[in-house]
Amino acid sequence: DKDVAIMKHMKQHQVQKEAFEAIFQEIDSDSSEYVSLQELQAAMSNPKMASLMQSLDISTQDVWTLFMVLDENMDGCVTLDEFVHSCMRMQGPAK
């Protein structure tokens with residue numbers, strides 16, 4: 001049924017969003033509510049965090065390029081909204 005499929009998709013979207021929010025909080029080591037390139041580099045040097053991101057179909061091979069993709073407004077820091085939006089976009093069918 002179409003309604004059930006839509007509800008499943010919305011639930012999956014919410015679960016993914018919450019996962020990316022939790023990852024953002026982990027990466028934001030100074031609790032500044034934004035992630036710097038240095039914080040992202042430090043987080044991705046942790047094999048557990050890199051594996052987690054890769055398990056969510058987010059490549060961590062080139063941290064600088066990843067940061068540039070995440071930093072949508074190119075202001076040198078990544079907000080929670082930018083992080084979640086960019087990760088969801090990278091993970092979706094329009095990779």
Side-chain angles (χ1 to χ4, degrees):
D1 172 64
K2 189 176 181 179
D3 290 338
V4 171
I6 291 171
M7 292 301 289
K8 278 185 175 180
H9 178 74
M10 289 174 62
K11 177 69 174 166
Q12 181 182 13
H13 181 83
Q14 184 62 32
V15 168
Q16 290 172 329
K17 183 176 184 271
E18 290 171 5
F20 287 125
E21 288 171 350
I23 292 168
F24 178 89
Q25 299 304 328
E26 283 280 321
I27 296 171
D28 182 21
S29 60
D30 63 359
S31 300
S32 62
E33 299 187 14
Y34 70 86
V35 169
S36 67
L37 176 57
Q38 292 77 18
E39 285 174 310
L40 187 62
Q41 288 171 326
M44 293 306 112
S45 70
N46 176 336
K48 185 177 176 182
M49 180 61 75
S51 292
L52 176 59
M53 290 290 281
Q54 289 173 347
S55 76
L56 294 167
D57 289 332
I58 307 297
S59 174
T60 61
Q61 296 292 333
D62 182 350
V63 177
W64 187 85
T65 299
L66 175 60
F67 185 81
M68 292 297 113
V69 171
L70 294 172
D71 187 14
E72 293 177 341
N73 65 1
M74 303 182 82
D75 65 353
C77 61
V78 178
T79 65
L80 174 62
D81 288 340
E82 285 177 317
F83 184 82
V84 171
H85 179 258
S86 295
C87 287
M88 297 287 281
R89 191 179 71 235
M90 286 187 284
Q91 193 179 39
K95 286 184 195 176

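Only a predicted model underlies this, so the values are computations on that prediction, with no experimental measurement involved.
Nearest heavy-atom pair, Val84 versus Phe20, reported as atom, atom and distance to 0.1 Å: CG2-CB, 4.1 Å. Considering every non-hydrogen atom in both Ile27 and Val35, the closest pair reads CG2-CG1, 3.5 Å. Met53 approaches Cys87 most closely through the heavy-atom pair CE-SG, 4.3 Å. The two residues Glu39 and Ser36 come nearest to each other via the heavy atoms OE1-N, 2.9 Å. Across Pro47 and Ser45, no two heavy atoms sit closer than the pair CD-O, 3.3 Å. Thr60 and Ala50 make their closest contact through OG1-CB, 3.9 Å (heavy atoms, listed as atom of the first residue, atom of the second, distance).
Separation of atoms CD (Glu82) and CZ (Phe24) is listed at 8.5 Å; rounding is to 0.5 Å. Separating the CG atom in Asp28 from the SG atom in Cys77 is a distance of 10.5 Å, to the nearest 0.5 Å. Here the OG1-CG distance, from Thr79 to Asp81, works out to 5.0 Å after rounding to the nearest 0.5 Å. Atom CE of Met88 is separated from atom CZ of Phe83 by 11.5 Å, given to the nearest 0.5 angstrom.
The side-chain heavy atoms of Glu33 and Leu80, taken from C-beta on, include no pair separated by under 4.5 Å. Contact check for Arg89 versus Glu72: side-chain heavy atoms found under the 4.5 Å cut-off. Within the 4.5 Å cutoff, the side chain of Ile23 has heavy atoms near those of the Met49 side chain.
Under the side-chain contact (heavy atoms from CB on, under 4.5 Å) rule, Gln14 has a single partner from Glu18, Met10, Gln16, which is Glu18. For the side-chain contact (heavy atoms from CB on, under 4.5 Å) criterion with Leu40, the lone passing option out of Asp71, Val78, Leu70 is Leu70.
A donor-acceptor pair shorter than 3.5 Å can be found between the side chains of Asp30 and Ser32.
Follow the hydrophobic side-chain contacts under 4.5 Å out from Met74 and you never reach Phe67; the two are in separate clusters. Residues Leu66 and Trp64 share a hydrophobic cluster, clusters being chains of Ile/Leu/Val/Met/Phe/Trp/Tyr side chains in contact below 4.5 Å.
For CE of Met7, the number of neighbouring non-hydrogen atoms (other residues, nucleotides, ligands) closer than 6.0 Å is 12 at most. Other residues, nucleotides and ligands contribute only 12 or fewer heavy atoms inside 6.0 Å of the CD atom of Glu26.
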